[in-house]
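The structure appears right after this line, and notes come after that.
Just so it is clear, the structure is predicted and the values come from calculations on it, not from any experiment.
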Amino acid sequence: MLQLFFHAWERRLASVTKDRVVRPFEWGLDWIPPNGHALAAAAPDVIGTWVSNVMTDTDAFFTPPPTEDYTLGLSANGEQALVFPSAFVTPHAANNTVHCRYFPASPAGAKPRAATAGRAFPRMAVLVMPQRNADSGGHVGLCRLLAWSGMSALRLSLPYHDRRMPAELRRADYIVSANVGRTLQVCRQAVLDARRAIGWLHARGYERIGILGTSLGSCLALLTTAHEPLIRAEALNHISPYFADVVWRGISTRHVRDGLEGHIELDLLRALWKPISPRWYLERVRDRRTLLVYARYDLTFPIDLSEDLVREFREMKIAHEVAVLRCGHYSTGKTPFKFADAWILTRFLKKALAS
């Protein structure tokens with residue numbers, strides 16, 4: 001009965017959004033750099049060859065060139081805002097500037113930096129990557145909770161979200177879409193942006209850095225952790241081993257599947273989106289503290305996919321913690337579940353970074 005209730009609620013919450021657009025299928029070859037393929041090569045072969053090359057050196061794929069072009073100022077509402085250039089340049093100028101909101105740790109929540117046994121208490125910070133289609137206020141409450149708990153929070157706006165969204169869009173359609181190549185590269189852009197944001201935190205003296213991601217942000221957070229040695233702990237909120245399967249099966253991406261279906265099969269899509277699928281990077285997070293959170297009645301990240309990822313961690317003997325929410329994907333953001341989720345995430349990160 002609980003499952004029936006939550007599934008009905010999830011579908012009702014998903015149906016509130018009326019501006020989803022089914023966009024035409026595209027291979028996105030204009031987003032793929034030349035890789036020596038034959039001029040007559042079929043589009044799947046072109047992307048497949050490029051993906052194979054990417055997977056031989058994902059450090060090169062996900063490592064941005066260094067920058068010192070950071071600007072920290074005040075937003076219109078008096079909050080601290082960080083701006084810097086994205087390491088990946090897209091055709092949309094608005095998307096090429098990264099916007100973050102900075103929430104310094106509350107003195108009441110942080111231990112004093114007085115020497116304890118001859119050393120100062122470490123400064124802690126968390127990079128926060130919200131869910132797909134989060135507006136500028138998404139996860140701000142969670143950032144404030146992290147700051148109140150003694151961990152500075154830096155909230156990163158994902159590519160094509162809020163201030164990075166070009167005028168032609170009403171939703172962040174270009175980060176997950178029926179354009180195969182663009183989805184790959186824009187998710188890569190998010191990881192490059194995250195690594196530059198972490199570089200800024202490190203330069204400001206933060207000694208222990210964690211990352212928190214929700215939904216799409218969870219996938220991107222794991223990819224970032226796998227390639228960023230400065231990250232000590234990752235809190236992954238809604239999880240799946242494969243990028244393609246969530247898009248294909250989730251209720252919130254039904255319109256994306258409608259654009260894909262009839263042009264590409266799931267097996268091929270899973271292979272082409274391999275660089276942005278968490279499954280292939282688990283060995284690289286073996287030495288990090290990891291929290292895996294999923295929802296029992298999730299129809300957006302189907303529960304069998306979440307359990308598959310937990311099983312992979314367990315079978316590979318990678319240390320991790322698991323929390324199961326007694327709600328669905330959308331209902332995680334509703335009372336009382338949002339408070340339970342925030343407490344689980346904050347408690348884990350505080351313990352993992354302070355220990």
Side-chain angles (χ1 to χ4, degrees), residues 62 125-132 134 138-139 142-143 145-146 151 153-156 158 175-176 187 190-191 194-195 197-198 208-228 230-243 245-247 250 252 275-296 298 300-316 318-325 327-329 332-333 337-338 340-353:
F62 285 120
V126 177
L127 180 68
V128 177
M129 304 183 76
Q131 75 275 17
R132 184 173 64 96
H139 280 40
L142 180 55
C143 289
L145 176 60
L146 291 166
M151 297 170 285
L154 186 64
R155 180 204 180 277
L156 184 145
L158 297 180
I175 193 169
V176 178
C187 287
V191 176
R195 293 196 63 185
I198 290 166
R208 299 189 178 183
I209 299 173
I211 192 168
L212 186 161
T214 292
S215 195
L216 172 61
S218 167
C219 168
L220 301 172
L222 189 146
L223 301 183
T224 304
T225 303
H227 296 89
E228 178 50 71
L230 292 173
I231 296 176
R232 287 174 173 250
E234 55 177 353
L236 309 177
N237 195 28
H238 302 304
I239 54 174
S240 169
Y242 302 111
F243 194 99
D245 293 69
V246 171
V247 173
S252 65
I276 55 174
S277 289
R279 169 62 185 87
W280 309 109
Y281 303 100
L282 302 189
E283 187 61 41
R284 298 180 65 120
V285 301
R286 178 176 293 278
D287 60 341
R288 320 301 173 87
R289 297 286 295 276
T290 297
L291 171 66
L292 305 173
V293 181
Y294 65 96
R296 176 66 62 190
D298 199 331
T300 297
F301 275 54
I303 186 172
D304 62 296
L305 294 177
S306 299
E307 291 175 339
D308 281 350
L309 186 62
V310 173
R311 187 179 305 111
E312 293 284 354
F313 268 82
R314 186 171 61 247
E315 292 179 353
M316 294 177 69
I318 300 173
H320 63 284
E321 298 179 30
V322 179
V324 183
L325 304 173
C327 59
H329 198 92
T332 301
F337 307 108
K338 64 180 180 181
D341 191 31
W343 179 75
I344 290 167
L345 297 166
T346 302
R347 181 186 62 169
F348 166 79
L349 287 166
K350 182 65 179 281
K351 181 180 177 181
L353 295 180

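- By the 4.0 Å N-to-carboxylate-O rule, E307 lies close enough to R296 to be salt-bridged with it.
- A pairwise comparison of heavy atoms in F313 and L292 identifies CD1-CD1, 3.7 Å as the closest pair.
- Formation of a donor-acceptor pair under 3.5 Å by the Y294 side chain with backbone atoms of V322 is not found in this model.
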Could you please spell out the steps behind the salt bridge (charged side-chain N to carboxylate O under 4.0 Å, His left out) verdict for R311 and D308?
CA-CA 5 Å; R311 187 179 305 111; D308 281 350; 2.6 Å; yes
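- Rounding to the nearest 0.5 Å places CD1 of I231 at 15.0 Å from CZ of R289.
- For the atom pair NE2 of H139 and CZ of R155, the computed distance is 8.5 Å after rounding to the nearest 0.5 Å.
- Taking the ring-ring contact (aromatic ring centres under 6.0 Å, His included) definition, one finds that Y242 meets it with nothing, sequence neighbours left out.
- Between V128 and C143, the shortest heavy-atom distance links the atoms CG2-SG, 3.9 Å.
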Worked verdict on L353 versus R232 for side-chain contact (heavy atoms from CB on, under 4.5 Å)
CA-CA 7 Å; L353 295 180; R232 287 174 173 250; 4.0 Å; yes
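- A distance of 6.5 Å separates CD1 of I198 from CD1 of I209, quoted to the nearest 0.5 Å.
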List the steps and the verdict of salt bridge (charged side-chain N to carboxylate O under 4.0 Å, His left out) for E312 and R279.
CA-CA 8 Å; E312 293 284 354; R279 169 62 185 87; 3.3 Å; yes
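- Minimum heavy-atom separation, H329 to S215: NE2-OG, 3.1 Å.
- When all heavy atoms are compared, the tightest approach of L154 to L127 is O-CD1, 3.3 Å.
- For the residue pair H238 / S306, no side-chain donor-acceptor distance below 3.5 Å is found, with atom types taken as modelled.
- Under the 30°/60° scheme for interplanar angles, the aromatic rings of H227 and F62 are found to be tilted.
- Looking at Q131 and T214, their side chains never bring a donor and an acceptor atom within 3.5 Å of each other.
- In this structure, I239 and L309 approach most closely via the heavy-atom pair CB-CD2, 3.7 Å.
- Counting heavy atoms from C-beta outward, L282 and L222 have side chains that approach closer than 4.5 Å.
- The shortest heavy-atom contact between P130 and G138 is CG-O, 4.1 Å.
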